[in-house]
Each structure stands twice: as C-alpha cells, then as structure tokens.
Student: 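The following block contains the structure, expressed as structure tokens.
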Number of protein chains: 2
Amino acid sequence: MVTLKDISRDLGLSVTQVSRALGGHADVNAQTRKRVRAAADRLGYRPNAVARGLKTGRSGIVAMVVSGTRTPEASAHLLEIVMGLSAEFSRIGLRFVLHVAQPDEDTVRLHEDLFLAGGIDGFIVISPQKSDPRIAALTRMGAAFVVHGRDPDQAHVHVDIDNFEVGRRMTDHLLRLGHRRIAFLTAGDNTFFSRERVRGLKRAYADHGLDAGMARVVGLPMIAPEGQRAASTLLSSKQRPTAIIAGNTLLARGVYRAAAMHGLQIPCDLSVLAHDDDLELFATDTFDPPIGGTFAPLSQAWVSVADTLQTMIEPEKEGLKHRILPLGFQIGGSAKSNSD
Amino acid sequence: MVTLKDISRDLGLSVTQVSRALGGHADVNAQTRKRVRAAADRLGYRPNAVARGLKTGRSGIVAMVVSGTRTPEASAHLLEIVMGLSAEFSRIGLRFVLHVAQPDEDTVRLHEDLFLAGGIDGFIVISPQKSDPRIAALTRMGAAFVVHGRDPDQAHVHVDIDNFEVGRRMTDHLLRLGHRRIAFLTAGDNTFFSRERVRGLKRAYADHGLDAGMARVVGLPMIAPEGQRAASTLLSSKQRPTAIIAGNTLLARGVYRAAAMHGLQIPCDLSVLAHDDDLELFATDTFDPPIGGTFAPLSQAWVSVADTLQTMIEPEKEGLKHRILPLGFQIGGSAKSNSD
DNA sequence: CGTCGTTTCCGAAACGTTTCGGATTAAGGG
DNA sequence: CCCTTAATCCGAAACGTTTCGGAAACGACG
C-alpha cells in the first residue's frame, strides 16, 4: 500500500505538507502541490479510507436496515428502493451498507449496533410506523438519518410526497365526474401517509359540500391479492361503490381482476383510480384500460434522500433538508362520469 | 463514545490489559477479566470498528458491485441475490456494501477503487463472463473474493451448481420418455454454465447412442418474452420439437405462453422441462401443469458464498473453499412420453 | 536595524485499537 | 535463601491520516 509517508520520503517533504497539498489547503506552494500530485499519481497513492475515518470521525458509509420480508409483491417496492438508493449513493461517492435483518431480529437494536460500532455516518429509514422506535433510537443516539415518509409523532428530517393531495385530488376528480359512493383502498391507520390521504379524501367531499360518510375507507396490506379480495367484497355488497381508489398499482391490479370476475367493465361499470409510484423495474404490467390517478416517481425520491443525508453528514456542504416531492395527475382511461 | 481508555481509567488498569481481557487472551486473571467485562457493560463500551480496522487491516466489510440493469425480469434474480446475500452476511456479522454502478461505469475500475481505498475485505462476483476482467483485476490486486458461478479461464474460489448434470439429467429424462427432437433454451455461449449444460445434453444423447444433432440449442437472454418468442419460432417450424428444455422458469413461462398461443397442450402435445432456481421472493407464479426438471435453491448458494468468503478473510477460521451445491430433480406434470 | 506580516513549511499529537517486549510479583524447588 | 517458572500486568509503538501550533525565511516598513 502506498501511504503519505512514501510520498513524503520520495519528495523529501514532510507528511504534513503532502497531506495538505493533496487536501487542497492554502499554505502550500503551487509548485510543490504540482510535484506532490505528480508523485501521488506516479506511485499510485490512494488515501486510506479507514485511517481517514478514524481521524475525521467520518467513514463515508451509510446504512439501511430492512427486515427480511417474505411477501413477494412487497419485494417489488423493496428492490426499487434498494437499487435506487444504492445507485444514488454510489454516484455521490458514499458507500451503502444494506443490512437485511432476520425475521426475528430487533431492528432498533441493529441500528444501535451499527451506529455505536462507529463507521456508519448515517441511516436511511423507510416505511416509518406511528411513533417509530427506530426514529426514536436514532434521534437519541444523535445519528444522522433521513426518513422516506413521515412520522408525525417525532421531529425528523424527511423526504416525502404530499399524501393529503394524493387523497384530495383523486377524490375530487371522481366527485367532479359525479361519483358519490367511492371506496378508498389504502394501508392501515398506523401509517401517516394513509391517514393523510384519508384526510385529503374528506376534504374533497367537504369542498363539494358532501358528506364523507358516503365514502368507504378500507385498510389492508397493499398487495394485489388483498386488493382483489377487498374489491370483490365491495362489488358484491348491496350498495356497491361506483368508483374505487387504490393506494398503489398493486392494489389496482387486484381491483381490475375483481372487476373482471364480477363481469364489470372499467370504466363503464366501475371507475378506478390509483396512485402510481412509477416503479421502473416492474413496469411490465400494463393496465387495460390505462389507469388514471396521481403519480410520483419513486426513483426521484432517492436523489433527494441521498442528497439530504449527504448534507447532514458533511458539515461544509449546504443542501436541502426537508423535501416534499412534486405530484402529478394523469387522466388515464379508467374513470368515467357517473350517472347513477 | 466510551473507549478502552475510559474503562482502564475507571478500573485503574492499563489499556493493554483491558484490550486483552475483552479480546479473550490468555494472560489475564479470571477475576480481572470479569471486572473488565462488568465495567465494559456498565459504561456501555462498544469497540470502535474503524480503529480496529486500521490496526488489524480488516474492516469486516464486504462488497458487491452490480451494474444497474433496466430489464425488469432480470431484476427478480437480482433481488433474490441481493437480499439473500445481505441477509447471510448480516447474520454472520459482516457488513455488506452494495454498489450499483451507473450504466456507463467501468465495473473493473469500481472494484479497484473500492479495494484500494481500503476498508473492503472481500468481494462477491456474480454472473461471471468468459475471461471475466473483474476476476482478473481482483486476482491481480490480491483481494479476497468468491465467484457465484465459474470462469473456466481463470482459477478462483467459487460456489456453483453442477451445470453439466443439469443438462444431462433433463435431457436424459426426456430421451427415456422417447423424445428425440429436443430444443434447449439457454443463455449465450459466453457463459460457462450454458456451455456446461449443453455438454451435459450432448452426453445424454451419446449415452443413449443417439446423435445430438437432433437437438436444437438456442442461446438467448433468459427472460420470459425471449422464451416466448423463441418457443413460438420453434413451434411453427416444420420439424417442430416434441420437447423443450428451458434454462430457468422465466423462459419456461414464455414457453407455456407460446404453447397456449399455438393451441398446444402441455404435456400432451409438448413436453417442457426447466431448471428451477426456486426463487423465494417471486414464487407467486405457479405453472399449470406443474413444471418438472432439475432444481437447486438459489437461497442455499448465499450461505455457502458468505461462509466461504468469511473463511478467506479471517485467517483463523477454517472452512469450505470451493463448493458445488446439490441438485434435485422433480418429475412435475409437464413432460410425457412421446410416441412420434 | 528592529519589527511585522506573509508565505511556506514541519514536528508532534491525536483518533482507538492491537501487540511486542519486557517488568513485576509470587510460588515452588533446590 | 537464591534461582527458576508461571501468572499477570504494563509502556510504548504502530496502523495512516489530519491538524494544531509554531518555525524559518524573506521582504517591507518604520
């Protein structure tokens, strides 16, 4: 391994001056700097990340802990997240440690272990729950971390989309089309994004001077089979909804299947909207008719997340803190005016 | 942060002795060791991984570089690999760095950068190509690494399955059922596993005293649409095969689709076998009729890969080096005797 | 000629750990 | 009572880097 000492010996300079020359400090002669750079190149010098980490307290490594889920469909999101995040961190020169926890492991403990052992500068937290203990632990330890999503019970740096708007805009769109009995398929009440979306739905009803009690909110795991089951139940109920809003495209997939099984045409017999995360890696599934609703590419989130974490880690770098990502709306062909 | 010095001050011992006590060395009094352990617990001491890494030269971090692919179906394998590997490394206490390269990045260079910066003890290489430059680079630098698969042109530690047997057993099974015109869908000739499988196929023909020229070998990207396209071409050819062997279940999926489009019943009009990697995360797709062929759970590979790499990194630990994983065969319901 | 500021350099300490070589003590054997 | 041995302990150096506090050289200025 080539070290600073090797360069200094080669040039007859002190280690200090070599370090400062390569580090771009001011008090080093332009001539010397050039010589040092040349020698470093010639000898094949690479700064040792571990030694630097020991001295500076920063290792350039960030980590994310995920629990090893075994539900296949949720994995689609996870892969998108892992690949997207990793690519982004790699791009900005941070190394990304992925820790997949055993099903029975305590993830809070894992965060502590990773952080207290040193060598991890910051963390990414995804899918925060209400009063998420991971967030509490990281805050307590004074670790740098960015949450994708939000936990309303704790203050933390986050990157998120405007979920209130997600609920409001899709509901508003359907109300304008004359729908009144709208079913809303979303995650459980313990997630902030779900509560926000429901709040948006209620606001839309109120804005139209309507009673939100006409809407049916269903909380469920957001994967296709669950969506199909829930939609099936809804569609065979006496007062069946004329429109269904799905929290993501996996749920929407289930709704489409249920509609087909019930012999209902979309959008003629049933309107469907969904929020679309625009997954890049699993975009193979296309909808017929093409589905409408809000959209916000998940891939964009990682740029913000990585950027934000970097600025938290490197004090000299000033960048964005909290970030709310833009939201789009596509009409699609899955919703139609209702005349009931 | 609590350091050894803090403990030593607290107990009136030397840093040396505290280190040796916690490190489990011999020349420390049983009493003292107990006191040191207690103090460490009481003060909340956590050994600093960076400092230890600087001194010992080992950081406990391993890395894998993958190129950011955009073909959705190949991602299924990738997720399985990433999650499986990461879980296994996490389990044995090594941190796993995932580096997703930009599409235009030089992966050889990335391996060099990661290794020469220090702080990476070893690497995992997957999907080796013929004369893979990554393997050459890692060997040249003297880095520890394990390859999943094999590059026949270079000597390296590997974990693999017996691909010769994969080709031989599936072909043999079909030949016993009376098939003669067998199509073999596999990857390109630049992969060792594919060449081995074809060699196995030829051996099976020879063992039956038959000319392997009756078989059709098709090299293609191993994803469903390609399988469908290739199968479609084969099935509309004049001398259409009576059986098709698919290199993985994705290809088999395509073959099933093509058969359906051609109005062919499996197994009556067409026998199909496939090698099954038993992907855990994307096992949702079931085959009707259930597909037969060889199988070897990919998930098992990671245990071996991680174990092997660990023994290469930690000199005291003795473990397995090369490893050929066991291979199974399931009859399924997708192949039937042929009377042509 | 002494003082001051600027430019360019360097020694030494520090980050937290491991480990080499030796020091101290007590017990046991003659 | 001295010598050897074993059991415990410790100081100091080292890993490669960054950085604090100065030092040397030099010209400018009064």
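What you see is a predicted model; the values in this text were computed from it and never measured.
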Student: To the nearest Å, give me how far apart CG (A:L4) and P (C:dG11) are.
Tutor: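 In whole Å, C:dG11 P lies 14 Å from A:L4 CG.
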
Student: Side chain to side chain contact (heavy atoms under 4.5 Å, CB included) with B:R109: which of B:H111, B:E105, B:E112?
Tutor: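 So, applying the side chain to side chain contact (heavy atoms under 4.5 Å, CB included) to B:R109 and each of B:H111, B:E105, B:E112, only B:E112 qualifies.
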
Student: Among residues 110-123 of chain B, which ones have heavy-atom contacts with DNA chain C below 4.0 Å?
Tutor: none

Student: Parallel, tilted or perpendicular for B:H158 and B:H322, by the 30°/60° rule?
Tutor: perpendicular

Student: Is A:D307 salt-bridged to A:R323, cutoff N-O under 4.0 Å?
Tutor: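 Looking at A:R323 together with A:D307, the answer is no, because their closest N to O distance does not fall below 4.0 Å.
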
Student: Is there a side-chain contact between A:N48 and the phosphate of D:dT17, meaning an N or O under 4.0 Å from OP1 or OP2?
Tutor: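 False: A:N48 side-chain N/O out of range (4.0 Å or more) of D:dT17 OP1/OP2.
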
Student: Any side-chain N or O of B:R52 under 4.0 Å from OP1/OP2 of C:dT18?
Tutor: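 Yes.
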
Student: Roughly how many Å is it from CZ in A:R58 to P in D:dT18, rounded to a whole number?
Tutor: 11 Å

Student: Does B:S14 put a side-chain nitrogen or oxygen below 4.0 Å from OP1 or OP2 of D:dG11?
Tutor: no

Student: Tell me what B:D27 touches on the nucleic acid: a base, only sugar-phosphate, or nothing, going by heavy atoms under 4.0 Å.
Tutor: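 The residue B:D27 makes base contact.
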
Student: Hey, what do you get for OG (A:S8) to CD (A:Q17), rounding to the nearest 0.5 Å?
Tutor: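 Here the rounded value is 11.0 Å.
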
Student: May I ask you to check whether A:F145 and A:F123 place their ring centres under 6.0 Å from each other?
Tutor: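 Ring-ring flag for A:F123/A:F145: false, centres at least 6.0 Å apart.
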
Student: In whole angstrom, what separates B:L13's CG from C:dA23's P?
Tutor: 20 Å

Student: Give the nucleotide from the list D:dC10, C:dT17, D:dT19 with an atom nearest to the side chain of A:H25.
Tutor: D:dT19

Student: For B:Q154 and B:D151, does a side-chain donor sit closer than 3.5 Å to a side-chain acceptor?
Tutor: yes

Student: In whole Å, I'd like the distance from the CG atom of B:L22 to the P atom of D:dC9.
Tutor: 13 Å

Student: Starting at CZ of B:R20 and ending at P of D:dG11, how long is that distance when rounded to a whole Å?
Tutor: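 It is 14 Å, rounded to the nearest whole Å.
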
Student: Whole-Å distance between D:dT8 P and B:L11 CG?
Tutor: 17 Å

Student: How long is the line joining NZ of B:K55 and C1' of D:dT17, in whole Å?
Tutor: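 Taking NZ of B:K55 and C1' of D:dT17, I get 15 Å after rounding.
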
Student: Of all the nucleotides listed (D:dC9, D:dG16, C:dT8), which has the minimum atom distance to the side chain of A:N29?
Tutor: C:dT8

Student: OP1 or OP2 of D:dC15 versus the side-chain N and O atoms of A:T3: is any pair under 4.0 Å?
Tutor: no

Student: Find which nucleotide of DNA chain D each of B:G12 and B:L54 is nearest to by heavy atoms, and output the residue with the more 5' nucleotide.
Tutor: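 By nearest-heavy-atom nucleotide position, the 5'-most residue is B:G12.
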
Student: Where each residue is assigned the nucleotide of DNA chain C containing its nearest heavy atom, which of A:V15 and B:K5 is assigned the position nearer the 5′ end?
Tutor: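 With A:V15 and B:K5 compared, the 5'-side residue is A:V15.
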
Student: Starting the side chain at C-beta, find the nucleotide from D:dC9, C:dC9, C:dT17 nearest to A:T32.
Tutor: C:dC9

Student: Rounded to whole Å, please give me the gap between OH in B:Y45 and C1' in C:dG16.
Tutor: 8 Å

Student: Does B:T16 place a side-chain N or O at less than 4.0 Å from the phosphate oxygens OP1/OP2 of D:dA12?
Tutor: no

Student: So do the side chains of A:I81 and A:I126 get within less than 4.5 Å of each other, counting heavy atoms only?
Tutor: yes

Student: Using a cut-off of strictly less than 4.0 Å, decide whether B:S19 has a side-chain nitrogen or oxygen near OP1 or OP2 of C:dT17.
Tutor: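 Negative; the distance criterion is not met.
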
Student: Is there side-chain contact between B:V62 and B:I120, with heavy atoms separated by less than 4.5 Å?
Tutor: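 SC-SC contact between B:V62 and B:I120 ruled out.
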
Student: For a quick test of reading the model: is some side-chain N or O of B:Q17 closer than 4.0 Å to OP1 or OP2 of D:dC9?
Tutor: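 Yes.
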
Student: Nearest-nucleotide wise, let me know which of B:V28 and B:T56 is further upstream toward the 5' end of DNA chain D.
Tutor: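 Counting from the 5' end, the first nearest nucleotide belongs to B:V28.
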
